[in-house]
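Proteins get letters first, then strands, A, B, ... in listed order; numbering begins at 1 in each.
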Amino acid sequence: MASMRVKDALAADVGSAVTLKGWVRTRRDSKAGLSFIQLHDGSCFDPIQVVAKTDLSNYEAEVLHLTTGCAIEVDGELVESKGKGQRVELLASALRVVGMVEDPDTYPASAKRHSFEYLREVAHLRPRTNTFGAMARVRHRLAYAIHSYFENNGFYWVHTPIITTSDAEGAGHLFRVSTLDAMNPPLTEDKQNVDWHEDFFGKQSFLTVSGQLNVETYCCALSRVYTFGPTFRAENSNTSRHLAEFWMIEPEIAFADLADNAKLAEGLLKYVFDDLLTHCADDAAFFDQRIEKGLIDRLKHVIASPFRTLPYTEAVEILQKSGKKFEFPVEWGSDLQSEHERYLTEEAFNQPVVVVDYPKDIKAFYMRMNDDQKTVAAMDVLVPGVGELIGGSQREERLDVLDARLDEMGLPKDEYGWYRDLRRYGTVPHAGFGLGFERLVMYCTGLQNIRDAIPFPRAPGQAAF
RNA sequence: UCCCCGAUAGCUCAAUGGUAGAGCGAGCGGCUGUUAACCGCUAGGUUCCAGGUUCGAGUCCUGGUCGGGGAGCCA
């Protein structure tokens, strides 16, 4: 008897003899001499209906005691369902209990609605629910689609380091990595500081906040590269859009400018949205129905719309002339707030908008100076529904300009030795962007809290499981 | 980190300062090719923690812990 996934069984021919293995969602008994068991194994959104009749040897002893969460194996034949709601069902010839629920009365994820807040407290069981099973599958498919897109377009995946010794990337607080004894660290001669020379790497080390600077080096050799891995921010920010540990996709392309960068972002987003709607149709339908109405139409709208490029300066003028009352005033030189971004992409244009050429004072040192000496070649991709999804830039490839920017921002040049070397030995215009993976998952599922878009969320004070 | 809100049964929530309640889930029974079924019965509580006010506190006050929403920061 062939062991099969529920997903395949639901599509298989009537008459097939199969074995299915999974967990019980619900059990309903009929005194006509049978029980209906909804069995799921995570292979797809839908469970399959198992029909267990009283002639099973363990019907009284075990089947009638199955509750939500029990693990079972079922041998049987796929038959046309006599009831409504499903094409086929599994008529059981044998049912083996693999793992019972110890105390059904206190099973934390019973067959009822639970709040997302509660399920975060039982993160080891939340994948058994519709929403988090679907989230996990969508997450997988998005990651797969991202790799596929890059593979199809000649990119190489570069594994940038998790541990770095650069403490001057300027992207928030870092988590320290150390093997020193926290209770009794070695001190410098004057006893005023910890002597980091004694630490594992001979200097201070941290968890990475971005793979960008590293991936630029491979970009300037392999031409088209990307990173896809975890990043860490020790910011004490407690919001529905921030995590201490999150995954980021950072492509980097050589011999390319900001327009090429925007085109890449557009191509990537459209590809992964389309792939998701094709390959996770059942999960997408669930999110569209139960989490955010109109989700699928929103994604289709992005797929069908050209992305509009809009210089920051024009964006500010549009916002100022909009007559719209914003909580924060709009003026040239300050960063766009979320409400401004939403207005531009939702009301002003109703299409994805790529805002480019931001004032240099609000952007990072490595972004390429424009000829006006006031703006840099940075871009934010704004999409209807959430606002900013991607941030990127053309990188400063001219060493003298880069050095001037480092000086201007008070950053130590000696910390950027290898980064500056790239500009001395065959420098080339290049560009890239960062896409927060969990924010992409949020956008594709409608989930409102980023902690529900990752299997095991890490946030200030939260690292159980 | 700042502002606001909250914490009562396994879960979701009620309860004017005066005997702690319901729905779901669970157990038992009934009924039915059922669809998060339906009907009945039963069990289930240190009302987040520590103080305080009061004849009396789930309720009011102070402090703490945890959670949620918003802001800042960003991806």
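Using a 4.0 Å heavy-atom criterion, one finds that A:R120 contacts the sugar-phosphate atoms exclusively. Using a 4.0 Å heavy-atom criterion, one finds that A:R290 contacts the bases of the nucleic acid, with or without backbone contacts as well. Nucleic acid contact class of A:S35 (heavy atoms, under 4.0 Å, all strands): none. Within 4.0 Å of A:R451, counting heavy atoms only, lie sugar-phosphate atoms of the nucleic acid but no base atom. Backbone-only contact: A:Y118 has heavy atoms under 4.0 Å from sugar-phosphate atoms and none from a base. Within 4.0 Å of A:S115, counting heavy atoms only, lie sugar-phosphate atoms of the nucleic acid but no base atom. Base contact: A:L243 has a heavy atom under 4.0 Å from a base atom. Within 4.0 Å (heavy atoms only), A:F328 reaches sugar-phosphate atoms of the nucleic acid but no base atom. A:Q337 comes within 4.0 angstrom of sugar-phosphate atoms only, judged by non-hydrogen atoms across all strands, and of no base. Nucleic acid contact class of A:S81 (heavy atoms, under 4.0 Å, all strands): base. The residue A:E438 sits apart from the nucleic acid: no heavy atom pair falls under 4.0 Å. In this structure, A:G83 reaches the bases: a heavy-atom distance under 4.0 Å links it to at least one base atom across the strands shown.
For B:A9 and B:G44, the C1' atoms lie 6 Å apart once the distance is rounded to whole Å. B:C13 and B:U53 have their C1' atoms separated by 29 Å, with the value rounded to a whole Å. Separating the C1' atom of B:G45 from that of B:G51 is a span of 23 Å, rounded to the nearest Å. When the C1' atom is compared between B:U59 and B:G23, the two are found 23 Å apart, to the nearest whole Å. Nucleotides B:A57 and B:A43 are separated by 28 Å at their P atoms, to the nearest Å. The separation of B:A14 from B:A20, taken at their C1' atoms, amounts to 10 Å, rounded to a whole angstrom. For B:G17 and B:U32, the C1' atoms lie 50 Å apart once the distance is rounded to whole Å. B:G56 and B:G68 have their C1' atoms separated by 33 Å, with the value rounded to a whole Å.
Per the geometry, CZ belonging to A:R342 stands 11 Å off P belonging to B:G70, to the nearest Å. Distance, A:D29 CG to B:G27 P: 10 Å, rounded to whole Å. Nucleotide B:A36 holds its C1' atom 14 Å from the CZ atom of A:R27, rounded to whole Å. Between A:F36 atom CZ and B:U35 atom C1' there is a gap of 9 Å when expressed in whole angstrom units. With rounding to whole Å, A:Y358 atom OH is found 12 Å from B:C74 atom P. Across the protein-nucleic acid pair, A:D46 atom CG and B:U35 atom P stand 17 Å apart, rounded to whole Å. Rounded to whole angstrom, the span from the CZ atom of A:F116 across to the P atom of B:U12 amounts to 13 Å. Rounded to whole Å, the distance from CG on A:D103 to C1' on B:G44 is 11 Å.
Base pairing of B:A15 is not made with any nucleotide, judged by Watson-Crick or G-U wobble geometry with both donor-acceptor distances under 3.5 Å. Across every strand in view, B:A9 sits unpaired, with no contact that passes the Watson-Crick or G-U test at under 3.5 angstrom. Partner assigned to B:C2 is B:G70, using Watson-Crick or G-U wobble distances below 3.5 angstrom. Remark: B:C31 base-pairs with no nucleotide in the shown strands. Criterion, Watson-Crick or G-U wobble with two distances under 3.5 Å.
Partners of A:S305 under the side chain to side chain contact (heavy atoms under 4.5 Å, CB included) rule, at least two apart in sequence or in another chain, are A:H301, A:Q351, A:P352.
With the nearest nucleotide of RNA chain B identified for both A:N236 and A:E89, A:N236 has the one nearer the 5' end. Along RNA chain B, the nucleotide nearest A:A32 and the nucleotide nearest A:L64 are compared for position; the residue whose nucleotide lies closer to the 5' end is A:L64.
Ion pairing between a basic and an acidic side chain is recognised when a charged N comes within 4.0 Å of a carboxylate O; A:E245 and A:R233 show no such pairing. Ionic pairing of A:D75 and A:R96 is present here: one or more N-O contacts between side-chain nitrogen and carboxylate oxygen are shorter than 4.0 angstrom.
One finds no side-chain N or O of A:S237 lying less than 4.0 angstrom from the OP1 or OP2 phosphate oxygen of B:C74. The shortest distance between the side-chain N/O atoms of A:N238 and the OP1/OP2 oxygens of B:G72 is not below 4.0 Å.
Proximity of the aromatic rings of A:F328 and A:H340 is defined here by a centroid distance below 6.0 angstrom, and this criterion is not met. Aromatic ring centroids of A:F232 and A:F206 lie 6.0 Å or more apart.
A donor-acceptor pair shorter than 3.5 Å can be found between the side chains of A:R128 and A:Y107. Side-chain N/O atoms of A:Q212 and A:E216 include a donor and acceptor closer than 3.5 Å.
For B:U1, the base has no donor-acceptor partner in the side chain of A:E235 [N/O atoms by modelled type, under 3.5 angstrom]. Contact annotation: side chain of A:N449 to base of B:G68, donor-acceptor pair absent below 3.5 Å. Between the side chain of A:H114 and the base of B:C11, no donor-acceptor pair under 3.5 Å is found.
Classification of the A:F228-A:W247 ring pair by plane angle, with boundaries at 30° and 60°, yields perpendicular.
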